[in-house]
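Scroll down for the structure; my scribbles are underneath it.
Quick caveat, the model's predicted, so the values are computed rather than measured. Atoms within each ligand, like the ligands themselves, are counted from 1 in listed order. Values reported hereafter were calculated over all heavy atoms of this structure, with side chains retained and with hydrogens, waters and symmetry mates removed.
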Amino acid sequence: MAVSKTIAVLAGDGVGPEIMPVAVEVLKAVGKHGGHALTFLPAPVGGQAIDDMGWPLPDETLRIARTSDAVLLGAVGGPQWENLAYERRPERALLGLREQLGLFANLRPARLYAELADASTLKREVIEGIDVLVVRELTGGIYFGKPRGVEATPTGHRGVNTEVYTTEEITRIATVAFEAARKRQGRVTSVDKANVLESSELWRRVVTEVHHTYRDVELRHMYVDNCAMQLIRNPRQFDVILTTNLFGDILSDAAAMLTGSIGMLPSASVGATTGMYEPIHGSAPDIAGQDCANPIGMIASGAMLLRYAFGLENEAALVEGAIQHVLATGSRTRDIADSGATVIGTREMGARILERIDGLQVNA
Ligand code: NAD
């Protein structure tokens with residue numbers, strides 16, 4: 001069924017304005033093919049917004065983000081804004097958007113494209129075929145729990161952080177993981193430290209309860225130390241990894257590295273209403289303005305947006321298939337090129353993916 005949706009387009013800084021137009025073109029092409037009415041609403045964010053309007057997350061940008069059906073974000077930050085006061089730094093826009101949009105779940109897929117197996121630091125036979133989705137709780141746990149702080153004691157100082165989770169927080173993130181698993185291979189590994197932490201004991205109990213309404217999905221529990229080991233030993237065993245804010249922060253970076261390049265990977269942050277879709281990398285100021293950034297993480301974020309925000313599974317698969325095809329035909333940006341390979345730029349990589357999508361649509 002054709003949909004009518006608005007997408008806030010926050011390109012941001014560094015390579016953001018180079019990779020964003022490529023992703024928007026891809027979404028436009030897919031939307032046109034499916035008869036979907038997609039409206040794109042660009043707005044300034046991060047350093048660009050500081051320069052233009054004095055603040056990293058202007059009210060108008062927040063309004064557009066809030067009232068859109070999804071937010072597509074490039075990246076924010078750069079050395080020219082690093083000396084600003086904490087509240088005025090570009091990265092504050094990310095926290096502001098997460099908080100204001102209530103984005104409590106971070107979804108990070110780590111999928112290995114077979115053609116890039118040699119870009120990983122692990123052996124080809126270990127990583128070939130991996131397709132893991134880390135579902136990380138984003139607004140609770142030890143990053144937000146109270147009490148927190150550093151206090152003086154008679155013998156020195158004492159630093160405190162508190163891991164806190166409520167039934168409600170665990171239920172909603174577990175629901176996201178089980179729903180995602182239904183769209184994938186139907187397997188959830190819930191990761192905790194229930195042998196040591198009471199908050200993990202509750203986590204395990206609540207996840208098990210939520211599972212009662214998802215009997216079609218397979219659930220297993222794993223301790224985080226074992227999970228870290230298993231990700232390196234045999235990552236193919238995982239489909240969806242469901243975990244807390246702290247454990248997810250660490251495990252999602254480990255999972256991302258299995259696939260080789262940071263420029264390839266998308267992410268989604270979702271909550272009650274509008275979700276935000278962005279590549280996992282930052283603004284890459286070292287390569288900005290050179291037409292050499294890999295746009296695939298950004299384009300794949302667009303595919304996640306189609307899947308999770310609009311329920312357009314076929315369109316998402318079309319975009320992912322086009323990425324795979326272009327890689328299979330040997331197209332490489334600098335970050336994923338073997339020595340001796342012909343290197344193409346951001347725009348050319350985008351054009352080739354777009355060409356494949358147009359070709360498939362004509363043949364469909
Ligand atoms: P980074 O992810 O921007 O870059 C790390 C390395 O990866 C660099 O060598 C860069 O050239 C390379 N890289 C990143 N994206 C690439 C791509 N698409 N194609 C090819 N190579 C790519 O991380 P950093 O250098 O630590 O941070 C730079 C700025 O980005 C900082 O201001 C940081 O605060 C900000 N940042 C923003 C976000 C975000 O907006 N979500 C996330 C992380 C960092």
Side-chain angles (χ1 to χ4, degrees), residues 8-23 26 43-51 56-57 61 65 71-99 101 103 106-108 110 113 116 119-121 136 138 248-249 252-253 256-257 259-269 275-302 304-305 323 326-327 331-338 341 343-350 353:
V9 176
L10 315 184
D13 307 318
V15 297
E18 296 175 63
I19 55 177
M20 183 61 88
V22 174
V26 166
V45 73
Q48 177 206 7
I50 294 171
D51 289 350
L57 183 58
T61 298
V71 177
L72 196 59
L73 179 81
V76 296
Q80 61 271 55
W81 301 288
E82 263 167 20
N83 295 324
L84 293 175
Y86 180 67
E87 282 306 310
R88 286 194 55 210
R89 292 217 196 124
E91 292 78 4
R92 288 296 301 166
L94 291 180
L95 299 181
L97 282 164
R98 276 182 197 162
E99 195 181 311
L101 299 175
L103 304 175
N106 183 238
L107 279 63
R108 262 204 202 185
Y113 294 95
L116 300 183
S120 173
T121 48
R136 167 190 170 195
L138 203 57
D249 194 358
S252 62
D253 270 21
M257 263 323 291
T259 68
S261 171
I262 195 173
M264 297 289 300
L265 296 177
S267 78
S269 298
M276 189 158 85
Y277 300 81
E278 57 180 316
I280 68 161
H281 61 76
S283 59
D286 54 330
I287 58 167
Q290 300 171 28
D291 188 40
C292 68
N294 187 342
I296 291 179
M298 185 80 247
I299 295 171
S301 300
M304 285 191 87
L305 182 154
I323 293 172
V326 166
L327 290 172
S331 299
R332 299 284 185 275
T333 44
R334 197 170 66 191
D335 58 311
I336 51 172
D338 293 331
V343 170
I344 59 171
T346 310
R347 283 195 294 267
E348 180 59 23
M349 179 61 98
I353 292 170

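Each of the following atoms of ligand 1 lies closer than 4.0 Å to a heavy atom of A284: 3 (O), 10 (C), 11 (O), 13 (N), 14 (C), 15 (N). If you number the atoms of ligand 1 from 1 as listed, the ones under 4.0 Å from a heavy atom of A293 come out as 19 (N). Which parts of ligand 1 touch G77 is read off a 4.0 Å heavy-atom cut-off, strictly below it: atoms 32 (O). Atoms of ligand 1 found under 4.0 Å from any heavy atom of G263 (numbered from 1 in listed order, with element): 17 (C), 18 (N). Which parts of ligand 1 touch A75 is read off a 4.0 Å heavy-atom cut-off, strictly below it: atoms 40 (O). The D335 neighbourhood of ligand 1 comprises atoms 20 (C), with distances under 4.0 Å to a heavy atom of that residue.
Among protein heavy atoms, the minimum distance from atom 10 (C) of ligand 1 is reached at D286 OD1, 3.4 Å. What sits closest to atom 12 (C) of ligand 1 on the protein, heavy atoms only, is I262 CG2, 4.2 Å. Looking only at protein heavy atoms, the nearest one to atom 41 (N) of ligand 1 is E278 OE1, 3.2 Å. Here the protein heavy atom with the shortest distance to atom 29 (C) of ligand 1 is S283 OG, 3.2 Å. Scanning the protein for heavy atoms near atom 1 (P) of ligand 1, the closest one is G282 N, 3.5 Å.
Looking only at side-chain heavy atoms (C-beta outward), R332 and L116 come within less than 4.5 Å of each other. Between P56 and V76 the shortest side-chain heavy-atom distance does not fall below 4.5 Å. Within the 4.5 Å cutoff, the side chain of Y113 has no heavy atoms near those of the T259 side chain. At least one side-chain heavy atom of L95 sits less than 4.5 Å from a side-chain heavy atom of R98. For the pair V22 and M298, the minimum side-chain heavy-atom distance is 4.5 Å or more.
Judged by distance alone, with hydrogens and angles left aside, the side-chain atoms of R89 form a donor-acceptor pair with the main-chain N or O of E82 at under 3.5 Å. With S267 contributing its side chain and I280 its backbone, the two residues share no donor-acceptor pair below 3.5 Å. Counting only distance, with no hydrogens or angles, the side chain of D13 and the backbone of G78 share no donor-acceptor pair below 3.5 Å. Checked by atom type and distance alone, the side chain of S252 pairs as donor or acceptor with a backbone atom of G248 at under 3.5 Å.
Atom CD1 in I19 sits 8.0 Å away from atom OG in S301 (nearest 0.5 Å). Distance check: I353 CD1 to E348 CD gives 10.5 Å after rounding to the nearest 0.5 Å. Once rounded to the nearest 0.5 Å, the distance linking CG of L57 with CG of L97 reads 4.5 Å.
For atom 37 (C) of ligand 1, the protein comes within 4.0 Å by at least one heavy atom. For atom 44 (C) of ligand 1, a protein non-hydrogen atom is found at a distance below 4.0 Å. Proximity of atom 34 (O) of ligand 1 to the protein is indicated by at least one non-hydrogen atom lying closer than 4.0 angstrom. For atom 27 (O) of ligand 1, the protein comes within 4.0 Å by no heavy atom at all. At a distance under 4.0 Å, a protein heavy atom can be found next to atom 18 (N) of ligand 1.
Of the heavy atoms in P285, only side-chain atoms (C-beta onward) come closer than 4.0 Å to ligand 1. With a 4.0 Å heavy-atom cut-off, ligand 1 is reached by the side chain of E91 but not by its N, CA, C or O. Contacts with ligand 1 closer than 4.0 Å are made by heavy atoms of both the backbone and the side chain of N294. By the criterion of a heavy-atom distance under 4.0 Å, the side chain of L94, and not its backbone, is placed next to ligand 1. At a 4.0 Å heavy-atom cut-off, ligand 1 does not touch R334 at all.
Residue V76 places at least one N or O, backbone or side chain, under 3.5 Å from an N or O of ligand 1. The shortest N/O to N/O separation between E82 and ligand 1 does not fall below 3.5 Å.
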* To do: Show your working on side chain to side chain contact (heavy atoms under 4.5 Å, CB included) between V15 and T346 and close with a plain yes or no.
  => CA-CA 10 Å; V15 297; T346 310; over 6 Å; no
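Contact between I287 and ligand 1 is present, with at least one heavy atom of the residue lying under 4.0 Å from the ligand. For G297, the heavy-atom gap to ligand 1 stays at 4.0 angstrom or more.
Counting non-hydrogen atoms of other residues, nucleotides and ligands closer than 6.0 Å to CG of D286 gives a total above 12.
Partner of I296 under the side chain to side chain contact (heavy atoms under 4.5 Å, CB included) criterion, out of L327, T333, L265: L327 alone.
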